Amino acid sequence: MIVNASPKRPESFHVTSGMLAFTALMFLPAVLAFAVLISAWVVSDEVYAAERAVAAGSPTEIATWKTTVVGICPIH
Amino acid sequence: MLRAITARFGVALQYPEFRRLWMANASSQAASWALIVTRGWLIYRESGSSFLVGLATFAAMAPMLVVPPIIGVLADRIDRRRILLIAYTVDAAQSATLMVLALTGLLEVWMVLTLSLVNGISRATQLPTSQALAATLVPSNQLLNALSLNASTQHGSRLFGPGIVTPLLAIAGAPMAFGVSVVLYLIALRQARSLAPQPPEPSSGQSFIADFLGGLAYVYDRPVMRLMLLILVAHCGLTMAFESLLPSFAHNQLGAGDEGFGSLMMGVGSGAFVASLFVAGLQTHRGRGNALIVTGLLSGVGQVLLSLTDSLVVGIAAAAIMGGAQAAFMTIGQAVTQSIATNEFRGRVASINSFSLGGMMAMMNLFNGSIADEIGAQSLLLIYGMVFALVVAVTMIPPTGRQVYGRAAIPEAHLA
């Protein structure tokens, strides 16, 4: 019922809104996951230092997105 | 008896070229898992840091999100056997480096982390390449059997690799365990060397990026392949991103702590191993379609069952059902996409599979980990399981869905 044909020709394509949506769906999860992991890596020292400062009784200002991204990341 | 079992479940192994590739896969997968255990053990002993252990595992896994798009294009442009030879050589060399550094006492944590990344890049190269190569080494009617046997090496190696090195670590320490990985990678290299060269299809003459976009367009323009991939992405997001939920579930719902988490993961792993062997026995297009429906529904229902129990024994049984159904569904789904793909696109189809599915699992694991405390792991498992069972039921209705699930023939026009 299924046949493996092997025509040798380049695949031409036209960019449509459907194809863009499909491509985004394929790529976005990996890009988002990677962005979270890398940004958590970059800011984790700053967040941990702020947490230690709070524990020591001298609160330090830190951007909310930094604490959020470290909170989301499973290895930080 | 044994001959009958082999004829039914190991039929693709009758093809010498596939048998060599399968041996190479089995050895390299076992070596990878042996390395993961050994690196973790060593780093924790040296640093006492769980974070660094996690970082080493992350370094080995993260390339799966980045490398496959590049390798997919390469695997359609150059000899896939040559790509595997390079990957296995790199892996054997980095394992040997770890062994020598550990023997001489020069090994430091940053070196292990760096070589974890090298190992991760190499592994992300091997998986889509060997999937694309396997599809060319057996007739199309044995493709599901070949991919199932490949999948069984992935699940079996999770038991086999750590099973070899764990006692060695206690008896002889890390150098001997790294040595086992070297030997396993050398076996893989030898098997891959004995494969006949696999000359690629004639080049399209397009740029690297145009070839990559051509691969995406190829998948998008084939409705059965497109729908199958979308269902697989939904499957990964809704039922396979459970690793960040199970620790909390085992602790709060089952009252079983870390041991409960480990038991659930063993249930998932053993179910996956058995199911991938079961799928290898499917011989007809209709049987494959039926199994896709049943395992798709069970993947969701198994997760619902798990979410509803507060008994560890029942939870392990549900985890085994869930793990088995997930592994079988993924294997059959990948066989559907590879059976439609023509040879000059197989590498890109396998790579789109790898990074879209891996990316969705990574993102949903992050998402689940961040909301599990508010919503509860039990509720998330229940909702996701029901939603995925619904996805399977709904996607069976349209004509393309009927083709995906083997209820109707795939038009010839979709196969070119």
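All values reported here derive from a predicted model rather than from experimental measurement. Throughout, a chain's letter reflects where its sequence line sits, starting with A, and its residues are numbered from 1.
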> With B:Tyr44, which residues qualify under side-chain contact (heavy atoms from CB on, under 4.5 Å), at least two apart?
Replying inline: B:Ser50, B:Val53

> Relative to the ring of B:Tyr220, is the ring of A:Phe22 parallel (under 30°), tilted (30 to 60°) or perpendicular (over 60°)?
Replying inline: tilted

>> So for A:Thr16, is it side chain, backbone, both, or neither that comes closer than 4.5 Å to the heavy atoms of chain B?
In response: side chain

> What's the spacing between B:Met360 CE and A:Leu28 CG if we round to 0.5 Å?
Replying inline: 9.0 Å

>> Please evaluate residues B:Val233 and A:Met26 with respect to the criterion side-chain contact (heavy atoms from CB on, under 4.5 Å), reporting the C-alpha separation (whole Å), side-chain torsions for both, the decisive distance (0.1 Å), and the verdict.
In response: CA-CA 8 Å; B:Val233 167; A:Met26 295 295 108; 3.8 Å; yes

>> On a heavy-atom basis, which atom in A:Ala33 and which in B:Met363 lie closest, and how many Å separate them?
In response: CB-N, 3.8 Å

> Going from CG on A:Leu20 to CG on B:Leu216, what distance comes out if it is rounded to the nearest 0.5 angstrom?
Replying inline: 10.5 Å

